[in-house]
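Proteins come first, then strands; the chains are lettered A, B, ... in the order of their sequence lines, and each starts at number 1.
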Number of protein chains: 2
Amino acid sequence: MASLGELERAVMDLLWAGHEAATANTLRDRLATTTEAKGDAAGHEGKELAVTTVLTVLSRLEKKGLVERERGMRPHRYQAVSSREDHTAELMHEVLGSAPDREAVLARFIGSVTDSEAETLRKLLGHI
Amino acid sequence: MASLGELERAVMDLLWAGHEAATANTLRDRLATTTEAKGDAAGHEGKELAVTTVLTVLSRLEKKGLVERERGMRPHRYQAVSSREDHTAELMHEVLGSAPDREAVLARFIGSVTDSEAETLRKLLGHI
DNA sequence: TCAAAGTTCTACGTCACGTAGAAAAATTGC
DNA sequence: GCAATTTTTCTACGTGACGTAGAACTTTGA
């Protein structure tokens with residue numbers, strides 16, 4: 001119960017990037033700019049979504065527990081509940097837990113980790 | 001592009017469990033038995049699905065690259081392409097790769113790993 | 001009090017997935 | 001060799017998630 005759609009993901013990325021709370025309007029604008037880069041080479045002007053679209057997505061993300069909003073201020077402010085790193089790490093644990101033999105999975109996992117990542121892991125495991 | 005539905009997951013679990021190739025019929029039977037346990041306390045007799053249902057799911061899993069079938073034999077034999085551990089580890093890598101700062105994610109990840117898992121990791125990463 | 005800005009409700013199209021019948025193809029038992 | 005049976009493929013429908021947004025309701029600012 002944690003998979004995100006394309007737009008939901010894009011919104012989370014924005015919230016995670018500049019991690020202060022943002023309004024739906026701000027997000028809508030940033031989405032247009034962000035999408036711009038992804039569009040086909042030629043200046044395919046990032047299309048602005050309707051604010052309601054962004055609001056719907058934010059509501060769904062809130063329901064999923066990924067986003068929380070301050071209802072005090074009038075243009076509600078939205079922000080990610082946890083950092084991208086925390087969320088991603090949590091996801092990794094979920095995946096890991098989906099297999100009976102966790103240690104066997106870890107073995108395979110380590111097998112295909114980059115050198116620098118292995119180094120990072122060694123350090124982290126050192127002082128625990 | 002790797003999330004599984006409930007039934008798809010159940011089928012993969014069976015293929016991963018007894019990891020010889022199996023026919024759609026065999027799988028349908030095992031699904032009934034397996035489901036039995038999950039049903040409400042009272043002997044809620046695992047309901048047998050139509051074989052076509054199982055076949056459809058197997059086709060979809062094949063298309064997703066998780067299952068392969070031997071078309072030689074007539075009742076086709078199906079088997080998982082990779083072990084559950086390999087598949088799970090691969091998923092973990094996918095998740096890890098979905099964040100820009102992989103090392104930061106690893107830090108959080110390690111932070112909430114069990115002791116025995118940490119031990120396993122140390123061994124796998126070699127001394128030091 | 002009104003217009004403007006913001007929020008909630010409702011809704012539609014699409015796609016994945018559970019589910020399976022109908023039709024086509026292959027096997028098997030006589 | 002042919003009918004009965006098994007297996008596979010095609011087609012399809014219901015449901016729920018997600019992208020998308022208009023309509024309607026609420027709050028704010030002048």
Separation of Leu49(B) atom CG from dC17(C) atom P, in whole Å?
17 Å
In this structure, OG1 of Thr88(B) is separated from CZ of Arg102(A) (nearest 0.5 Å) by 11.0 Å
Separation of Leu55(B) atom CG from dG18(C) atom C1', in whole Å?
14 Å
Using whole Å, what does the distance between atom P of nucleotide dA5(C) and atom CZ of Arg77(A) come to?
16 Å
Under the salt bridge (Lys or Arg N to Asp or Glu O under 4.0 Å) rule, what do Arg84(A) and Asp101(B) come out as? Steps first, then yes or no, please.
CA-CA 9 Å; Arg84(A) 170 155 41 192; Asp101(B) 191 343; over 6 Å; no
Please tabulate the protein-to-nucleotide N/O contacts below 3.5 Å involving nucleotides 26-30 of chain C, giving atom names and distances.
from    : atom 1 : to       : atom 2 : distance (Å)
dA26(C) : O4'    : Arg74(B) : NH2    : 3.2
dA26(C) : O3'    : Arg74(B) : NE     : 3.2

Derivation of the salt bridge (Lys or Arg N to Asp or Glu O under 4.0 Å) call for Glu6(A) and Arg9(A)
CA-CA 5 Å; Glu6(A) 196 174 342; Arg9(A) 177 74 195 183; over 6 Å; no
Between Glu8(A) and Ser59(B), whichever has its closest DNA chain D nucleotide further toward 5' is Ser59(B)
I'd like the 5' and 3' limits of the part of DNA chain D contacted by chain A, with heavy-atom contacts below 4.0 Å.
dC18(D) to dT28(D)
Among Lys64(A), Arg60(A), Lys63(A), salt bridge (charged side-chain N to carboxylate O under 4.0 Å, His left out) partner for Glu8(A):
Lys64(A)
For DNA chain C, whose closest nucleotide is more 5', that of Thr52(A) or that of Gly5(B)?
Thr52(A)
Are the side chains of His76(B) and Leu55(B) in contact, using a 4.5 Å heavy-atom criterion?
no
